[in-house]
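Every chain is numbered from 1, with letters handed out A, B, ... down the list of sequences. Values below: all heavy atoms of this structure, side chains included; hydrogens, waters and symmetry mates excluded.
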Amino acid sequence: MKDSLTQGDVLAAIAHIARSLMASAETLRELDAAIGDGDLGITMTVGFQAVLDELPSLEGQDMANILMKSGMAFNRKAASTFGALFATMMMRAARAVRGVQAIDLPTLAAMAQAAVDGVRERGKADVGDKTMLDALVPAALELAKAAGEEVSLAEGVRRAVAAAEEGMRATIPMKSRVGRASWFAERTQGVQDPGATAIYLMLKALYEYISA
Amino acid sequence: MKDSLTQGDVLAAIAHIARSLMASAETLRELDAAIGDGDLGITMTVGFQAVLDELPSLEGQDMANILMKSGMAFNRKAASTFGALFATMMMRAARAVRGVQAIDLPTLAAMAQAAVDGVRERGKADVGDKTMLDALVPAALELAKAAGEEVSLAEGVRRAVAAAEEGMRATIPMKSRVGRASWFAERTQGVQDPGATAIYLMLKALYEYISA
Amino acid sequence: MKKIINDPMAFVDEMLEGILAAHPKQLRATRDPRAIVRADAPVQGKVAILTGGGSGHLPVFLGYVGVGLADGVSVGNVFSSPSAETMLEATLAAHGGVGCLYLYGNYSGDIFNFDMAAEMAALEDIRVETVLVSDDVASAPRENWQKRRGVAGLFFAYKVAGAMAESRADLDEVVRVAKKAVAQTRSMGVALTPCIVPAAGVPTFTLGEDEMEIGMGIHGEAGVHRGPLESADRIAERLCQAIIPDLPFERGDTVVALVNGSGATPLEELYVLYRRVHQILQAEGLRVYRTYVGEYATSLEMAGASLSLLKVDDELIRLIDAPACSPFFVQM
Amino acid sequence: MKKIINDPMAFVDEMLEGILAAHPKQLRATRDPRAIVRADAPVQGKVAILTGGGSGHLPVFLGYVGVGLADGVSVGNVFSSPSAETMLEATLAAHGGVGCLYLYGNYSGDIFNFDMAAEMAALEDIRVETVLVSDDVASAPRENWQKRRGVAGLFFAYKVAGAMAESRADLDEVVRVAKKAVAQTRSMGVALTPCIVPAAGVPTFTLGEDEMEIGMGIHGEAGVHRGPLESADRIAERLCQAIIPDLPFERGDTVVALVNGSGATPLEELYVLYRRVHQILQAEGLRVYRTYVGEYATSLEMAGASLSLLKVDDELIRLIDAPACSPFFVQM
Ligand SMILES: Nc1ncnc2c1ncn2[C@@H]1O[C@H](COP(=O)(O)OP(=O)(O)O)[C@@H](O)[C@H]1O
Ligand SMILES: Nc1ncnc2c1ncn2[C@@H]1O[C@H](COP(=O)(O)OP(=O)(O)O)[C@@H](O)[C@H]1O
Ligand SMILES: [Mg+2]
Ligand SMILES: [Mg+2]
Ligand SMILES: [Mg+2]
Ligand SMILES: [Mg+2]
């Protein structure tokens, strides 16, 4: 159980998230195939493998660099809607940790909010459009709320995971309003958004790492 | 039983030959598919239908014109190796009946020889190359011989049919030396030449008409 | 999966090697092998047109890098976006000092990456403007035409903007005509068979033995009508009925027509299709100024075709008529 | 049979209607709708190049009627010869007063019909010479190379003879360079799938799900090797091994290369194939002067490709480099 994340933790947490998402690639491929083009599986496999390949060279670098370069590595090898948004999230989160030695709950909340802002600006979508924002926004809000309540890092992330899960499930009845899926909006009802699912899985993996 | 063929007989005999060969189109298609490209079936159907369509307009014309225009009609609609050689045969045969009122055996022999010369010149092939010449040349020789023996038209044609049949069967073990089939010469052994088969069937149909 | 390939994962890079080996006088790679530019890039004093997107659509995108067309391209994996870094590399290599137009199809993966590239380029004091092609009427209703995906109409946009840039017009002018071409273009396609992405190894979608899908996207995105395979004439009618009222193209208008093959459909069939399209355009009182028929934007070995119409005025006619030359498209 | 067609029996005539509707400034029909000539034919004082053959091979044959190429064409049904009368009609409409070259592939149906046309033309005092293209090494042994069938190498013959005729050389000169181009060209192809002739409705041949046939002709004539589908690199090696020693192309020679798609094979795959061909040519010490990659001679929707090499000297280089323009092929 970690109270905060050091530079070494950040490397290890990213590695754990990468491996978890690679293990869920097939689930994500299927969801994306149902309402998009089915490339999210290969995006996960290739993108997170690129992150894993990058990590050794990032040892000893500062946190901001680790986050930024992981995001860039992902998108370099698996450029895509998700890849670009992932890179954007990581770059924005990186800015929020400049000079930070250990990530505590308030910092994590700030990072999440920065990521939300980045995705919003880049993608011009909002909650309710059936995107990753439907999981990411409630998670960021929950982190901010938990930080205000001064609960532990683990408890804060646990609540964020629950919020992300709820947000993810809420995408099921929605009609896609942006991206590829919007071209067949009607047919997307009844399917959970793959991007929102990926966000939930990433947060869940982070929680596993922190609470281990 | 006819002793000679009048202008009306020529029209009727051509019609009978056309219908017979159309009925054998599938057999010829199969043989051509085995050692060529399988278009001889459609060539027969389309070509002889074109001849049948042309015949009404040829009533009252002289024999040479009937023969020439039938050949041209065939090749116009079903241009091909066979079509061009058929047109050549008919044009050469036409020259041999200029001014003739009724075709007797010597005239028919002359027509056949003219056809042989035409096919030889056009196609630069000879007996043994596995072509229509393997049926046509013996048939023409037999007609000439029968004409010398002063047998009846029907008997002469009967002998020619027998010679064509023998020549046709002789193509089975041959290797193709000209045309499309020569490109896979080895594989043509064991298959009867479709063009030689067509010549035999045409002569057989002529005999049926004459002996009816 | 009957393909003439080696390692499916090396497909795109080997294809690029082949293209550069075949056309060394016309194209060159940059420091990034996925960023390709005109051999004479950067052309100083000329607006650089940059494009890019997933592979598998040749001549889209790389095929339109040439004189009178685009200056550089970033090349993604099959049907996937290239990265922002690759697009930046292409931008740096092609920028002739007077700004860049990013001209490509409306797909969010490409948009997000190219927007990131534009932001990085801005840090190098390179001005970048973006125009998205969104011509596929099957993908969103008329009032939301700018949300539509980009398909074969890309060709018109390259031709028009490329000619304008080649004439040394400034970036605003190039942007203006690119937007004009996009706004005046409408397209729709039909698919008869899916294709197989080499790295995936399975068909992009399934379609019954006697089915077709009208309105199919160029990555196999679902269309507007799936039904029994119809005659060329009926398909032509369906495509025209969708496109003509959408702009709308009206009696007296002059148009340029493009009948595009998706990959496996023979050129002969495209002309059978155009025959009926031409009859319909004439009956509708539309004057056909010029017709392109061939493979202009493909989906690997998908069987199918699309129709694009561009409504032209004198300016667009001049730009469409201008010469152009790439290894994949030449017009005198 | 998934085709964008109407009545299969009307396929060729509807295709021609579409072509003439699309390209009225470049092509026109004669009194015979199957005989098509350059819109500006007859070009007085220029040797007329006439070609023709069965349909289903676009751009062969009609696609090479244009400036710097052929003057007229007679169009047969799919994979069948056009008639002597149609070829005569094309001849009469294209003859510019200084003789004609009949330039086409070595198929007996075409030969017999075009020889008949030449004899009829002679009656009108038109001098006709014939040069047959016989480039497919798979179809006859080396010593009988003139008995081989004509495949994609037709393109080189058109390009060379067409450029010579366009320069107003006399018939003997045009014949000389056409023969030279033919003698210096070698080709071989591979097929991955058959095609379906619309009027027949059945595949031209069968090939197992994982099989390919090396040396396949453009109407589906059997080749020299049928076996499991191999990698692009291995196919490139097989094609080069058959072609290079046949002429032979020797260390120090300069060549023009053509990688041709049969119809359904994507351009991307053709470039993957060319990548290895290029490596081999370099390793063999052959200098590649120019490379063409694309669909130059197809077999409807057959999947497959062919490689052609032309050994060039200064004269052939000049003729290959000359501009050319038809609705199907443009070179600046
Ligand atoms: N504008 C947007 N803003 C935020 N997220 C988006 C946006 N567009 C798409 N997404 C997310 O991206 C996911 C799909 O990612 P990906 O498969 O890479 O996209 P594509 O294949 O369509 O390019 C969607 O499930 C959705 O959550
Ligand atoms: N040079 C030739 N001389 C005489 N007959 C020939 C010659 N070449 C081919 N044939 C005949 O033509 C027949 C095939 O006709 P057809 O199917 O029209 O040819 P293809 O389809 O090869 O053009 C052969 O069976 C053979 O009898
Ligand atoms: Mg996707
Ligand atoms: Mg045949
Ligand atoms: Mg193709
Ligand atoms: Mg094709």
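- Interface summary for chain B: among D:Arg34, D:Glu85, D:His219, the most heavy-atom pairs under 4.5 angstrom belong to D:Glu85.
- By a heavy-atom distance cut of under 4.5 Å, B:Ala84, B:Leu85, B:Ala87, B:Thr88, B:Met91 are the residues of residues 83-93 of chain B near chain D, going up by number.
- Using a 4.5 Å heavy-atom cut-off against chain D, no residue of residues 5-41 of chain B qualifies as contacting.
- Within residues 55-81 of chain B, the residues that have a heavy atom under 4.5 Å from a heavy atom of chain D are B:Met72, B:Asn75, B:Arg76, B:Lys77, B:Ala79, B:Ser80, B:Thr81, listed by number.
- Taking CD from B:Glu121 and CZ from D:Phe112, the interatomic distance works out to 12.5 Å, rounded to the nearest 0.5 Å.
- By a heavy-atom distance cut of under 4.5 Å, D:Glu119, D:Ser139 are the residues of residues 117-144 of chain D near chain B, going up by number.
- D:Arg148 forms no cation-pi arrangement with B:Trp183, by the criterion of a distance under 6.0 Å to the ring centre and an angle within 45° of the ring axis.
- Residues D:Ser108 and B:Gly179 share a closest heavy-atom pair of OG-CA, 4.0 Å.
- For chain B, the option among D:Ala84, D:Ala222, D:Ser80 with the highest count of heavy-atom pairs below 4.5 Å is D:Ala222.
- In this structure, no portion of D:Asp110 lies under 4.5 Å from any heavy atom of chain B.
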